[in-house]
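Note that the structure is a prediction, hence the values are computed from the model and not measured. Letters go in sequence order (proteins before strands), and every chain restarts at 1.
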2 protein chains.
Amino acid sequence: MLSISVRGEQMPASPIRKLVPYAEAAKKRGTKVYHLNIGQPDIETPPAIVDAVKNADIRVLEYSHSAGNESYRRKLVQYYTSVGIDVTHNQIMITTGGSEAIQFAFMVCLNPGDEVIIPEPFYANYNGFAVAAGVKVVPITASIDNGFALPPISEFEKVITPRTKAIMVCNPNNPTGYLYSRAEMEALKSICLERDLFLFSDEAYREFCYDGAFVSALHLEGMDQHVVLMDTISKRYSACGARIGALVTKNAAVYNAAMKFAQARLSPPGLAQIMGEAAIDLPASYFDAPKAEYQARRDLLVRRLNAIPGVFCPNPGGAFYAIAQLPIDDSDRFCQWMLESFSHEGQTVMMAPATGFYGTPGLGKKEVRLAYVLNLHDIAAAMDCLEAALHQYPGRTAVTAPAALASGV
Amino acid sequence: MLSISVRGEQMPASPIRKLVPYAEAAKKRGTKVYHLNIGQPDIETPPAIVDAVKNADIRVLEYSHSAGNESYRRKLVQYYTSVGIDVTHNQIMITTGGSEAIQFAFMVCLNPGDEVIIPEPFYANYNGFAVAAGVKVVPITASIDNGFALPPISEFEKVITPRTKAIMVCNPNNPTGYLYSRAEMEALKSICLERDLFLFSDEAYREFCYDGAFVSALHLEGMDQHVVLMDTISKRYSACGARIGALVTKNAAVYNAAMKFAQARLSPPGLAQIMGEAAIDLPASYFDAPKAEYQARRDLLVRRLNAIPGVFCPNPGGAFYAIAQLPIDDSDRFCQWMLESFSHEGQTVMMAPATGFYGTPGLGKKEVRLAYVLNLHDIAAAMDCLEAALHQYPGRTAVTAPAALASGV
């Protein structure tokens, strides 16, 4: 009997997409669904970078260099310099989205059975890349009570084993929106140097920091051999469909091994590389408008959430996500119920149950992730829906204010 | 001490690209290099499909469906129908090049340590995907003497173990150009059914068959659960840089598991999907010109090769590759020597030593792969160079006609 592989079975289905059939059914019934469930921005892709593709002179769309077009990598050096990251074009590898950069890092730095420590809640697809690479994700729980700050280093130390090879962070964080402080990044540096661990840093949302300064893993001195940075143009330029990212590392052994994986798949997408290269020529002021827009959305979303009795949402410092704690029995059930059994003036909201972002079973049952990728009007309407839903939901629980709320954090 | 993973070390470097530094040095010396080393066609990408991207109305370049745009998959059903393959759009998954389709198949169908049997010489990057998936490639040697026909099924049976999960073929073949006959495909079917093995069929060159009919693995009746087809637009439409391929299977368990891998990496390239979809609307006559061009090149290349004393090149039935046996000591040394130490009227040729296409160490030392991706004039000039080189090469060996040549095959 033909059967699929164990990893084919173990591969997790996307926790974000599993509610899609319920959303589709709701739409078929005529209900308007506000999508706060996925990080697909509604911000316009800069026309200048779309036009760069349209104006390109393409006679034969050839394979590019496996590390990406050299002209693009040289341009990216300018970009990284502008954000205080000092790298050469030979330390940058263009990848098929940030996703491929993560896959390369897992494949190149960890053996099957090796462990990577990741603060939870974390981006759910890290699980998928870990299964593909046979790597074990070891979660360390961050708490909504302090806004999902980095857990104390002592927590990391408790779970380090001889198989631990890396710590991974997403900064600013998806799904929490938390922006790691300089002190937190320095703490990660200390333990990585002391225990000789790689530091994987997913910096997809680097441009979107609203409170406090962004500290890249490549800003940390003395960590050249330890840091592997994963990057993408998806969120930065609202170009998720382009599938252009980058792996950046000063560790030559890691780079050279990743290059062999890159050669096997020949080259990253060619048309979208033109787009990525053109993006470097956008004026520095380009980010002002989307950043202001996201910040206004965050402010509205967080204010509205915290005004609902029993709801607590820490104020995220970056990215475009927030995790809210709700007075509910089960976030999976609640999110499904909102699509299946609820509407408010013909409208409802799709959110991501936070359970999918925790590695520890049972966590996140009272939490949902909201991506503020809709305009202010829609966010306000979505909050009206959520407020009404929490009044009607049969699984509503007693209000238990988290410690942080009580203490005013 | 930080170290990379075992698979990072084991990952093979591209055997095709390892001579690149020598080619670059030759060009710096002013030598013209004819590139017969890689399958990068010089055929123009159809302007209509490039224009489809240029004319697309893109406000936000969003993630597509993880399986690719439904509109594209529905169009592909038309395409597959036109080549006698009966599938639905839910049996087609758009991938990032054919490369990703191969990766998905390995990941989904084989456990680490499982074995896939592949007739050698084979496309070298299969090795890379096997290392990434922890899969063992078991080669069965095909012989230049009969033009690299499928080895007898008894040879497959000899190497089947309890870990054997799949047989993989590329048809028409890269690197040999061999086009498998109906009888050979039926023989593969028999053993796959009898021993319950997957049949992976890489059909990247389907459109380019010059002698005999193309038989797809999906033309084989009763094999719905066994066949996983890998496809790509790279060669078909001379769009290698687009990075658009497809995994096609009627095995729902395989499809659904592959879908989880597809979801983890979010979506295939968006701009290039527009290109792929537009390609389905090219007139059926589109392939006439490139096919005639490739066939003329093949005829010239094979005629010129066989006219050189001591050289034997079987006539390949498809794709745009040929493997020639040369009167030389070592194909790696010879190919490097042609770039490093030889020129003929200021010109030389870059070829791929066939050693990189064999899994069995020591094979292919007298063979090179030539990709006929240059125009007739350049192929003639390249053959002039090769002929001159074989006169001068210090490692030339005595002419030993292969059995097939002696017997007139």
Side-chain angles (χ1 to χ4, degrees), chain A residues 1-2 4-9 11-14 17 40-45 50 53-54 58-64 96-97 99-100 107-112 125 128-129 132 134 196 198 225-226 238-243 251 253-254 257 260-261 263-272, chain B residues 1-2 4-9 11-14 17 40-45 50 53-54 58-64 96-97 99-100 107-112 125 128-129 132 134 196 198 225-226 238-243 251 253-254 257 260-261 263-272:
Chain A
M1 173 58 194
L2 274 177
I4 65 166
S5 67
V6 173
R7 67 187 148 211
E9 279 163 12
M11 190 77 183
S14 165
R17 298 193 179 205
Q40 170 56 63
D42 65 336
I43 303 280
E44 185 179 25
T45 310
V50 177
V53 178
K54 296 190 173 191
I58 299 166
R59 203 191 75 83
V60 182
L61 185 57
E62 299 190 355
Y63 292 120
S64 73
T96 306
S99 302
E100 192 181 54
M107 284 281 178
V108 164
C109 298
L110 285 86
N111 288 316
N125 286 326
F129 302 133
D196 219 12
F198 286 107
Q225 295 308 301
H226 295 71
S238 198
C240 296
R243 311 315 297 133
N251 182 316
V254 170
K260 294 187 288 182
F261 284 81
Q263 284 183 345
R265 61 69 163 129
L266 304 169
S267 62
L271 295 170
Chain B
M1 173 60 193
L2 274 178
I4 65 166
S5 66
V6 173
R7 66 187 148 212
E9 279 163 12
M11 191 75 181
S14 166
R17 299 194 179 205
Q40 170 56 63
D42 65 336
I43 303 281
E44 185 179 24
T45 310
V50 177
V53 179
K54 296 191 172 189
I58 299 165
R59 203 192 75 84
V60 183
L61 184 57
E62 298 191 355
Y63 291 120
S64 74
T96 307
S99 302
E100 191 180 54
M107 284 280 178
V108 163
C109 299
L110 285 85
N111 288 314
N125 285 327
F129 303 132
D196 221 10
F198 287 106
Q225 297 306 302
H226 295 71
S238 199
C240 297
R243 311 314 299 132
N251 182 317
V254 170
K260 295 188 287 182
F261 284 82
Q263 285 182 344
R265 60 74 162 127
L266 304 168
S267 62
L271 295 170

Could I get the full list of side chain to side chain contact (heavy atoms under 4.5 Å, CB included) partners for A:Val60, not counting sequence neighbours? A:Glu62, B:Gln40, B:Thr45, B:Ser238
Among A:Ser267, A:Ala257, A:Ala239, the residue with the most heavy-atom pairs under 4.5 Å to chain B is A:Ser267
Ignoring hydrogens and geometry, is there a side-chain-to-backbone donor-acceptor pair from A:Arg59 to B:Asp42 under 3.5 Å? yes
Would you mind checking which part of A:Glu100 comes under 4.5 Å of any heavy atom in chain B, side chain (CB onward), backbone (N, CA, C, O), both or neither? neither
Can you tell which part of A:Val50 gets under 4.5 Å to a heavy atom of chain B, answering side chain, backbone, both or neither? side chain
Quick one: of B:Thr96, B:Asn125, B:Val6, who has the most non-hydrogen atom pairs under 4.5 Å with chain A? B:Asn125
Region of A:Ser64 in contact with chain B, defined by heavy-atom distances below 4.5 Å: backbone
What part of A:Pro112 gets within 4.5 angstrom of chain B, counting heavy atoms only: side chain, backbone, both, or neither? both
Which atoms of B:Val53 approach chain A - backbone, side chain, both or neither, heavy atom under 4.5 Å: both
Taken to the nearest 0.5 Å, the spacing of B:Leu271 CG from A:Lys54 NZ works out to 9.5 Å
Donor-acceptor pair, distance only, cut-off 3.5 Å: does the side chain of A:Lys260 make one with the backbone of B:Gly128? no
Check the pair B:Leu266, A:Ser99 against side chain to side chain contact (heavy atoms under 4.5 Å, CB included), reporting the backbone distance first and the verdict last. CA-CA 8 Å; B:Leu266 304 168; A:Ser99 302; 4.1 Å; yes
Which one of B:Ala272, B:Ser14, B:Ala264, B:Pro269 has the most heavy-atom pairs closer than 4.5 Å to chain A? B:Ala264
Let's go through B:Ser5 and A:Leu110 carefully: what are the C-alpha distance in whole Å and the side-chain angles of both, what is the deciding distance for side chain to side chain contact (heavy atoms under 4.5 Å, CB included) to 0.1 Å, and is it a yes or a no? CA-CA 5 Å; B:Ser5 66; A:Leu110 285 86; 5.7 Å; no
As an exercise: rank B:Gly8, B:Gly241, B:Pro268 by heavy-atom pairs under 4.5 Å with chain A and give me the winner. B:Gly241
Between the side chain of B:Asn251 and the main-chain N/O of B:His226, is any donor-acceptor distance below 3.5 Å? no
Options A:Gly270, A:Cys109, A:Pro41, ranked by heavy-atom pairs under 4.5 Å with chain B, top entry: A:Cys109
Chain B interface, residue from A:Gln225, A:Arg7, A:Glu9, A:Arg265 that has the most non-hydrogen pairs under 4.5 Å: A:Arg7
